[in-house]
Peer 1: 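Encoded as C-alpha cells, here's the structure I'll be asking about.
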Protein chains: 2
Amino acid sequence: MSKKLLPLADGEDCATSLVAEPLSEAEAAGLAGVFKALADPVRLRLFSLVASHAGGEACVCDLASSFDVTQPTISHHLKVLREAGLLDSERRGTWIYYRARPEAMAQLSLLLAPQGAAA
Amino acid sequence: MSKKLLPLADGEDCATSLVAEPLSEAEAAGLAGVFKALADPVRLRLFSLVASHAGGEACVCDLASSFDVTQPTISHHLKVLREAGLLDSERRGTWIYYRARPEAMAQLSLLLAPQGAAA
DNA sequence: CGTCTATGTTGACCGATGTCGATGTATGCA
DNA sequence: TGCATACATCGACATCGGTCAACATAGACG
C-alpha cells in the first residue's frame, strides 16, 4: 500500500464498513481519532470552509476571519485536522494553504454507507 | 417533515455535503454532536457490533461481554448513541434490543461524500 | 409479595481537551 | 540588518467527558 490515507488504514487492518463486521479494537481506536477530529463545531466549520473554498484550498488568514476564536486556536484546530489525515498543508511564500483530502472523506463515507449503498 | 433523522436535520437547515458550501454555526453544532457520539472507541465498537449483529439488533447482554468496561458504562454509551440518533432501542420482556438507524448512517455518508459521489 | 435478573441512573473522580495570552519562527521587504 | 506580517508553539486554566461503585427501576417467576 503506497498511499497513506487515514491513520486507520495504515497497516493490515482496514475496515470497509461498520455494518459488515464488528470493528477490532485497533480499528475502533484509529477511527475514533478521526471522528474526534470532526467532533468539534469549529473544526467542522473549518473543514467545510476549506473543502468548499474556491480552488480547493484556503490560507489561514481566509479562515480566521470567520470565527470568534483567536488565531492560535484556529492554528490548533487545523493541526488536529491535519494530524487526523483530513487536511493537507503547504507553504507558499508567507502563507500556508490548507486543502481537504478527498480520499479520507471517501473512506469515511464508505464506512458509514449502510449495507451496499454503492450498489 | 415527518421522519426525524439526525438532530442536525430537524429543522430548516440540512446540509447535504461538507464540500458544497460552508456549514452554518447551527449545522456545525448539530453535526459535531453526532460525530462526538462516534468519537469514542467503545461507542464505535458498540455501534459496529449492533449494526453487524445477526437480525440487525442486539440486546445489552450480547454486547457487554465484548468489552472490559462495566455494564453502567455500556449503558451510558448506548444512551449517547441513541440520543445522537444513531441507535434505536426497544424493550421486549426483560431485555432491551438496540438497532442501528440506516437513515442516520446514510445521511452521514452523503455528508462526507467528496463532490457528487451520489450523483 | 419476594426475589432474581437485566438494565438505567446518580454522583464522584480524574484525565482529556478547547481556549487564551505570551512567545517563537519563517518569510518578505526596505 | 531591522521591521512587519503570517502562522505555529507553549504554558496555564477551566470545562468536558469516560469510568466506576452504589443505587434505582422494571420485568419474569415462584
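Please read these numbers as outputs of a predicted model, since none were measured by experiment. Numbers restart at 1 for each chain; the letters A, B, ... are given by sequence-line order, proteins then strands.
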Peer 1: Can you tell me how far CD of B/Glu21 sits from CG of A/Leu49, rounded to the nearest 0.5 angstrom?
Peer 2: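 A/Leu49 atom CG to B/Glu21 atom CD measures 11.5 Å (nearest 0.5 Å).
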Peer 1: Mark up nucleotides 15-20 of chain D, 5' to 3', with B wherever a protein heavy atom is under 4.0 angstrom from a base atom, S wherever such an atom reaches only the sugar-phosphate, and - elsewhere.
Peer 2: --SSBB
Peer 1: Return the set of residues passing side-chain hydrogen bond (donor to acceptor under 3.5 Å, both in side chains) with B/Arg45 (not counting sequence neighbours), or none when no residue passes.
Peer 2: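 B/Arg45: no side-chain hydrogen bond (donor to acceptor under 3.5 Å, both in side chains) contacts found.
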Peer 1: Within the 4.0 Å limit for protein heavy atoms, which parts of nucleotides 24-30 of chain D are touched? Write it as a string from 5' to 3', B for base, S for sugar-phosphate only, - for none.
Peer 2: --SSS--
Peer 1: Quick check for you: to the nearest 0.5 Å, what is the distance between A/Ser66 atom OG and B/Glu25 atom CD?
Peer 2: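 A/Ser66 atom OG to B/Glu25 atom CD measures 9.5 Å (nearest 0.5 Å).
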Peer 1: Under the ring pair (Phe, Tyr, Trp, His ring centres under 6.0 Å) definition, can you give me all pairs with a residue in residues 81-114 of chain B, not counting sequence neighbours?
Peer 2: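 Matches after skipping sequence neighbours: none remain.
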Peer 1: Supply the atom-to-atom distance B/Ser89 OG to B/Leu81 CG, rounded to the nearest 0.5 angstrom.
Peer 2: 11.5 Å
Peer 1: Regarding B/Phe67, tell me which of base, sugar-phosphate or nothing describes its non-hydrogen contacts under 4.0 Å with the strands shown.
Peer 2: nothing
Peer 1: Could you tell me which residues satisfy side-chain contact (heavy atoms from CB on, under 4.5 Å) with A/Glu90, sequence neighbours excluded, listed by chain and number?
Peer 2: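 For A/Glu90, the residues satisfying side-chain contact (heavy atoms from CB on, under 4.5 Å) (neighbours in sequence not counted) are A/Arg92, A/Arg99.
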Peer 1: If you walk 5' to 3' along DNA chain C, what is the first nucleotide with an atom under 4.0 Å of a heavy atom in chain A, and what is the last?
Peer 2: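 The contacted stretch runs from C/dT17 to C/dG28.
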Peer 1: Please report the interatomic distance CG(A/Leu86) to CG(A/Leu78), rounded to the nearest 0.5 Å.
Peer 2: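 Between atom CG of A/Leu86 and atom CG of A/Leu78 there are 11.5 Å.
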Peer 1: Contact class for B/Tyr97 vs. all strands (heavy atom < 4.0 Å): base, sugar-phosphate, or nothing?
Peer 2: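 Counting heavy atoms under 4.0 Å across all strands, no contact is made by B/Tyr97.
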Peer 1: Return the value, rounded to whole Å, for the distance between atom CG of A/Leu78 and atom P of D/dT9.
Peer 2: 11 Å
Peer 1: With a 3.5 Å distance limit and no angle check, can you tell me whether A/Thr73 reaches the backbone of A/Val69 through a side-chain donor-acceptor pair?
Peer 2: no
Peer 1: Mind checking the NE2-OG1 spacing from B/His76 to B/Thr70? Nearest 0.5 Å is all I need.
Peer 2: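 Those atoms lie 10.5 Å apart.
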Peer 1: If you measure from CG on B/Leu111 to CE on A/Met105, what distance do you get to the nearest 0.5 Å?
Peer 2: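 Reported to 0.5 Å precision, the distance equals 8.5 Å.
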